[in-house]
Amino acid sequence: MQERNDMTMQTKLLAWYEANARKLAFRQNRNPYFIWISEIMAQQTRIEAMLPYFENFIRLYPDLPSLAQADDESLHKAWEGLGYYSRCRNLKKCAIECVERFDGRLPSTKAELKTLPGIGDYTAGAIASIAFGEKVSAIDGNVVRVFSRLYDVRADVTKAATKKQIARLVDDSLCEPIEAYNQALMELGAMVCTPKNPKCDQCPVAAWCQTDEPETLPVKPEKKARRVERKHVYVWTDGKGFHMNRRPKTGLLANLYEFDETMPDEVVRTEPLAPYTHIFSHVEWQMDATLVFVKEDAGFYSVDQIENELALPSAFAPFFEEAREKIDEDVENEKE
DNA sequence: AAGTCGGGGAC
DNA sequence: GTCCCAGACTT
């Protein structure tokens, strides 16, 4: 075990963080609104993936009151491709509640934040500590991994008792400045104490780490096989635009747009589209698709509308891309 | 306690 | 292919 040099784990970690933290846009200030948006976007999402969404989102909705009045269609469009779409609906709900309950601002304590939609234990702790300096924990997947290794916790971390055990360990470790400490733990997990091939030789707190098998931690239950669903997608086109339907307002891809799953009544001709399999966390869609030409219809959405206004899930994007190429070819052929 | 809810990057 | 990500919510 390496020499601790009388320094505390916290001191070493904070020094490491100061020197090595990624310079992230939403860390440039402590605007609670920005912290909140970035934390919601970061849920189950890699930081690099949400960064461009964050920039676009705060441009569209620069403050909490503007978000409270957001148009639902535009809101979903701003979230298109990011996944877990209930997050953006809860954002607006939360903004409205803050206007009604907290004078148009986010509350400053973890306890109050947890009462708001979309804000659970982690996010409440993150906002309270990072934006407001409250000395509370913010335990995300990174922190669970870091502490399961630091204390060689070999119990299933998805169990309530293990969560409580780790929460206790984290709580006992908290120090000031809390906003730096909480972020340092997460940064360590993201950059050094990684799920695979952890860089223990570069770890600032290796001297305090009790495990000799970091790659086996944290322990989680085996994942169950995802179910497979077969679908046939019919992309109706009038040669200019496409017919699309809004999905139900609950369930998978709620409120987003999709193509049809049935043939229209009157068909001019059809063309096959490339099959595509889309993998979700717990379900797999194996899709065949057909482009169906129908007579001109004023009710169809233009390519421009679909691109700029409708939230189209990634699961259907390949069909849209191929179909628009085919109708472009069609226009070229007619010119000849 | 278990299931639902997206998408993609790293391996 | 697998894993899992600055998780929250419903059942």
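Per chain, numbering begins at 1; letters A, B, ... match sequence-line order.
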What is the distance, rounded to the nearest whole Å, between atom [atom1] of [X] and atom [atom2] of [N]?
X        : N      : atom1 : atom2 : value
A/Asn90  : C/dC9  : CG    : C1'   : 8 Å
A/Leu217 : C/dC3  : CG    : P     : 16 Å
A/Tyr84  : C/dA8  : OH    : P     : 12 Å
A/Asp140 : C/dA8  : CG    : P     : 10 Å
A/Glu215 : B/dC11 : CD    : P     : 15 Å
A/Arg46  : B/dG7  : CZ    : C1'   : 10 Å
A/Ile279 : B/dC5  : CD1   : C1'   : 16 Å
A/His282 : C/dT10 : NE2   : P     : 16 Å

- Item | ring pair (Phe, Tyr, Trp, His ring centres under 6.0 Å) assessment of A/His278 paired with A/Phe280 | CA-CA 7 Å; A/His278 191 81; A/Phe280 298 94; 4.6 Å; yes
- Heavy-atom pair of closest approach, residues A/Ile327 and A/Lys240: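 In this case the closest contact between A/Ile327 and A/Lys240 is CD1-O, 3.6 Å.
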What does [X] touch in the nucleic acid at a heavy-atom separation under 4.0 angstrom: a base, only the sugar-phosphate, or nothing?
X        : value
A/Asn182 : nothing
A/Leu82  : base
A/Phe280 : sugar-phosphate
A/Glu48  : nothing
A/Leu252 : sugar-phosphate
A/Arg145 : sugar-phosphate
A/Gly189 : nothing

- Message: Looking at A/Lys231 and A/Glu258, is any side-chain nitrogen of the basic one under 4.0 Å from a carboxylate oxygen of the acidic one?
- Response: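 No salt bridge links A/Glu258 with A/Lys231.
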- Inter-nucleotide P distance (C/dT10, B/dG6), Å rounded: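 It works out to 14 Å between them.
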- Message: As a quick check of understanding, evaluate salt bridge (charged side-chain N to carboxylate O under 4.0 Å, His left out) for A/Arg22 and A/Glu187, giving each step before the final call.
- Response: CA-CA 8 Å; A/Arg22 289 170 291 180; A/Glu187 189 77 355; 2.9 Å; yes
- Message: Go nucleotide by nucleotide along DNA chain C from the 5' end; which of A/Ser86 and A/Lys196 gets its closest nucleotide reached first?
- Response: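 That would be A/Lys196.
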- Message: Taking the nucleotide of DNA chain C with the nearest heavy atom to each, does A/Pro117 or A/Phe26 sit closer to the 5' end?
- Response: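 Result of the comparison: A/Phe26.
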At under 4.0 Å, does any side-chain N or O of [X] touch on OP1 or OP2 of [N]?
X        : N     : result
A/Arg87  : B/dG6 : no
A/Tyr85  : B/dG7 : yes
A/Thr123 : C/dA8 : yes
A/Ser281 : C/dC4 : no
A/His278 : B/dG6 : no

- Query: For the side chain of A/Lys159, counting heavy atoms from C-beta on, which of B/dA2, C/dT2, B/dG7 is nearest?
  - Reply: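 Among the listed nucleotides, the one closest to the side chain of A/Lys159 is B/dA2.
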- Compare the minimum distances between each of B/dT4, C/dG7, C/dC5 and the side chain of A/Tyr122, then state the nucleotide with the smallest one.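 When the side chain of A/Tyr122 is considered, C/dG7 is the closest of B/dT4, C/dG7, C/dC5.
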- Measure up the A/His243 and A/Trp236 rings against each other and bin them: parallel (under 30°), tilted (30 to 60°), perpendicular (over 60°).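 The arrangement is parallel - the two ring planes meet at less than 30°.
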- Task: Quick one: do A/Glu73 and A/Tyr257 satisfy side chain to side chain contact (heavy atoms under 4.5 Å, CB included)? Show the steps, please.
- Result: CA-CA 10 Å; A/Glu73 207 79 76; A/Tyr257 283 81; 3.2 Å; yes
- Message: Distance criterion of 3.5 Å, no angle test: do you see the side chain of A/Thr45 paired donor-to-acceptor with the base of B/dG7?
- Response: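 By the distance-only test, no, there is no pair.
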- Item | First encountered from the 5' end of DNA chain B, between A/Gln43 and A/Ala160 |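 Whichever sits nearer the 5' end wins; that is A/Ala160.
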- Nearest-nucleotide 5' precedence on DNA chain B, A/Ser314 against A/Lys224: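 Result: A/Lys224.
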- Passing option when A/Met41 is tested against A/Trp79, A/Trp36, A/Tyr84 for side chain to side chain contact (heavy atoms under 4.5 Å, CB included):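 Single side chain to side chain contact (heavy atoms under 4.5 Å, CB included) partner of A/Met41 among A/Trp79, A/Trp36, A/Tyr84: A/Trp79.
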